[in-house]
Structures are given as C-alpha cells and as structure tokens.
There are 2 protein chains.
Amino acid sequence: MPERQSSRKDAIRNREAVLVAADALFTRRESAEDVTMADVATAAGVGKGTLFRAFGDRAGLLRALYEARLEPIRQAVETGPPPLGPATPPHDRVPALLDAVLCFKLDNRRLALALEEGGSSSPYRAEHYEPWHSLLRAVLEQIPGLTDSDFTAHALLAATRADLVEHLAGEERIPRERMRAQLANFVTRVLASGPLRALTAEE
Amino acid sequence: MPERQSSRKDAIRNREAVLVAADALFTRRESAEDVTMADVATAAGVGKGTLFRAFGDRAGLLRALYEARLEPIRQAVETGPPPLGPATPPHDRVPALLDAVLCFKLDNRRLALALEEGGSSSPYRAEHYEPWHSLLRAVLEQIPGLTDSDFTAHALLAATRADLVEHLAGEERIPRERMRAQLANFVTRVLASGPLRALTAEE
DNA sequence: ACAGAATCCGGACCCTAGGTCCGCTTCAAT
DNA sequence: ATTGAAGCGGACCTAGGGTCCGGATTCTGT
C-alpha cells in the first residue's frame, strides 16, 4: 500500500531521481539480478529508507519502471489507430498485439526479465499480465471458429515470455526482424485454421 | 563439479536420505520457495555440509530430484512404444510429447516450478530444457510445410511452462483433462495449417 | 586385526541483499 | 515564527544460501 502520492517536493524529487537512476542502472548493467536496491539508492543519492518508502519493495520499483516504459504502447492499444487500436479487425489485431509485446520485450530485455522472473511469485500473479491476457482473449473471442480463447491467449503470450525472448536474442543470436517474422508466422498458423477445418481441406 | 560418485556407504546412504526427504518436503509444502536447504538437511537428519557436498547447490538438488522423476518419461520417449516412442509418425508424436510434458508438470507442480523459475538463470540455460527442445524441433522438422521448427518448438514448449500450468491449475481451477484437451487443440491448430496458405489470401 | 590415510560428517560461521526502524531534518500551513 | 506532519537516511535486522574445519568413519594395505 505505500503507493499514495505525496505533495512534498522533496519526496517527488527523490522519487523521480530514483526512477531515473534505476532506469539507467538496469539498462547499463549486464543482468538485472545484480542491481541491488542499495545500488539504486546510492546511484540516486538517496537512502534506502526513502527508496523503500516510495516503492514498497523491489517489485514495486520494477513495476513503476515497467509501467512508465509501457505507457506509450498502452495508449496505442487503447485509443490508437490500427493496427494496434481497437478499430482493427480481430484477425489483424492479434498479430499486431503480439508483435507489439515482442518488440517491447526486445527493447526492454533486462527490465522485462527482472520483472517477469523476479523471484517470488509467478508472472501470472503480477497485475501487468492480466490486462494483456484479457484483451487478447477478448479479441480472440471475436474470431469465428476459434475455441479456448482463454488458453489460446495464454499460450500465445507465452511465446513472448521475457526469458524466451532473451534466450533467442542473446543465446541464439536471432535478429529482431527474423524473430518478429517467426512469431507472426506462428500466430498466423494458430489463427489460420479457422473453424478447425481438417488437415485435408486445402481450399 | 561436486558430482562424482562416492563409494563410501555413509555417503551413499546420506545422499539417498536427502533425496527422499527433499522429495517429501517439496511435495508436502505449499510453495517450493519456502523449503530451505536447512529444512532439507534437518529432515534428512544430516548436516548442511553433507547436503551441499552431495549436490553442489540448491539447483543441483532440484535437478537431481527432477531427473529422477523424469526418468520413466525419458525412457518412454527414447525407446518406448507409440505414441511417445520414436516409431510414431511426427504428426502424432508432437501432440503426444507435449501432452507428456504437460502431464509431468501437472504431476510435479512444485518441483517443476522450483526448478524452472528457481531464481538465478533462465530455464533455457538449464540443461534439462535443451533435450526436449531438440527432440521436438527434430520431429517438427519432419512435418512437411512446417517452417521455423526451432522457434515453433520453443513456442509450443512455452505453452507448458511450469508457472503457466500452475496458474491454470491453481488459480483458474481448470481440470486436468480440460487443460490437456486445450493444449492438444492448440497443437493441432499449429500443425494443421499445413503449407501455410498465405496471410494475403484472407480478405 | 591394525595403522594410516582418505574421505566424509555436521553444525558453527560468513555473507549478501532485501527490508525495517527511528532520531533528526525539511516542508507547508497557519 | 511555530508546529506537527511527512520525509530522510543509514545503522540495523533477518533469512537463507553457501563455506569451513576439527573430529568421526570408512577404506586399504599388510
């Protein structure tokens, strides 16, 4: 619950300083795992107490950073033009949404990794997952012939999990565009078989 | 490197005791996260030193347990009869493999969770992932019209990630058989769209 | 059976990193 | 200027993974 706004300017200034410092650290450092809270506090020129009061705990800080970076995409999805916006026909919006998620994770590898794997509880309990799943599920539901929207949404999102993306980009050295193409391809396959008209009908 | 066999009977007995105790603890306790190494040592009637000498570190212990439980399935996949064994036609083997993985994770929730999420490095660096991916990829490659076997294998396996399974089974209360059906369905969709008749032919 | 060496045992101990506490300072409202 | 509420910061607490080493146990050669 330590999330209420403060009107005091020192509090606001410090919160901002922490955000900036943390952002820099997470981007610069190799792994997010070896950025300690003490590091962040020091880099921000602030005491640990301040840091924890402002964000509650490590996860809270991560969340704040994540949401800040996610904001533009959220906007584009909620009120933007096609292919991300709500006016897009479902069949085109699903790949667009997943592509957006993938790109976001590619652009924010360390952060996404830290938040998604970040110890304790599963990513599925983190409240930032639910909106995506809900939306995707709703869009999938509008595609005729597609059953199990709920599971399908989960499964598709699973293909963009931060650690998988990290593995593909880092270990397997797959270039961004190729990964996007592969994901698009995969999504197409899932959507393509429409009314699950058997393996035989080539149409 | 602390993995070499010991011929001393006390060492062997203790190793076995630890394995049994850990197995019991991980099964009994709510979350795998709150089974500490000290707990395991105590439950096994053994000192921490012994435990760490035998398994190296926490991950080592998890791995040992995991592999023990996985053994029968590994057997079935490598030298067993269809639909898991190598004699199965690719089109049938892929769903069978994924179903086996899913069932395994359902039967070993806590353990799979602990090992997959288990802090530090991603599941993709854990050497137990690679064989599955390799196999699945190889089988996928034999299905005509299927491209991107590598990515597809990753994506399909991602749908059986321990924390997702845990979420579906635990949070969403989806019964085992339903989940298996949904996964089977999903796999079918991915395989079904054969030669990927284009994205353009749509509207 | 015995000695000596090699190995193992176990729990006290260390260390890191997240999180808390509290006396002091700063802010803002009157 | 006064005052009390809010914030500050770093010393401190705790948990849990991992290490160490004196003493016990087991193996081997004779």
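Chain naming here is simple, since letters A, B, ... match the order of the sequence lines and numbering starts at 1 in each. Bear in mind that the values here come from a model prediction, so they are computed numbers and not experimental data.
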_Among D:dG18, D:dT26, C:dG18, which nucleotide has an atom closest to any side-chain atom of B:F52?_
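The listed nucleotide nearest to B:F52's side chain is D:dG18.
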*A:K48 side chain: which of C:dC27, C:dT20, C:dC9 is closest?*
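The listed nucleotide nearest to A:K48's side chain is C:dT20.
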*Please figure out whether A:G49 or B:A38 has its closest DNA chain D nucleotide nearer the 5' end.*
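It is A:G49 whose nearest nucleotide is closer to the 5' end.
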*asked:* Let me spell it out: for each of B:T36 and A:D10, pick the nucleotide of DNA chain D with the closest heavy atom. Which residue's pick is nearer the 5' end?
replied: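 First, find each residue's nearest nucleotide; the 5'-ward one identifies A:D10.
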*asked:* Closest-nucleotide mapping onto DNA chain C: is B:A11 or A:V35 further toward the 5' terminus? I mean the 5' end.
replied: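 First, find each residue's nearest nucleotide; the 5'-ward one identifies B:A11.
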[X] [atom1] - [N] [atom2] separation (whole Å):
X: B:D34; N: D:dG17; atom1: CG; atom2: P; result: 11 Å
X: A:L51; N: C:dC21; atom1: CG; atom2: C1'; result: 16 Å
X: B:R13; N: D:dT26; atom1: CZ; atom2: C1'; result: 11 Å
X: B:E16; N: C:dC9; atom1: CD; atom2: P; result: 13 Å
X: B:R15; N: C:dC9; atom1: CZ; atom2: P; result: 12 Å
X: A:K9; N: C:dC27; atom1: NZ; atom2: P; result: 5 Å
X: A:M37; N: D:dC12; atom1: CE; atom2: P; result: 21 Å
X: A:I12; N: D:dG7; atom1: CD1; atom2: C1'; result: 12 Å

Under 4.0 Å between a side-chain N or O of [X] and OP1 or OP2 of [N]?
X: A:R58; N: C:dG19; result: no
X: A:N14; N: D:dG7; result: no
X: B:T50; N: C:dG10; result: yes

_Looking at A:R125, I want to see if its CZ is surrounded by more than 12 non-hydrogen atoms of other residues, nucleotides or ligands under 6.0 Å._
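For A:R125, atom CZ is not crowded (no more than 12 foreign heavy atoms under 6.0 Å).
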*Crowded around B:E127 CD? As in, over 12 foreign heavy atoms under 6.0 Å?*
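Atom CD in B:E127 is packed in, count exceeds 12.
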*Smallest separation among heavy atoms of A:V190 and B:R189, with atom names*: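 Smallest heavy-atom distance, with atoms named: O-CD, 3.1 Å.
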*Assign the ring pair B:H133 / B:H154 to parallel, tilted or perpendicular, where the plane angle (0 to 90°) is split at 30° and 60°.*
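Ring orientation of B:H133 relative to B:H154: parallel.
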*base_contact_polar (D:dT26 base, B:R8 side chain, donor-acceptor, <3.5 Å)*: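 By the distance-only test, no, there is no pair.
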*Is the shortest side-chain N to carboxylate O distance from A:D39 to A:R29 below 4.0 Å?*
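So A:D39 pairs with A:R29 through a salt bridge.
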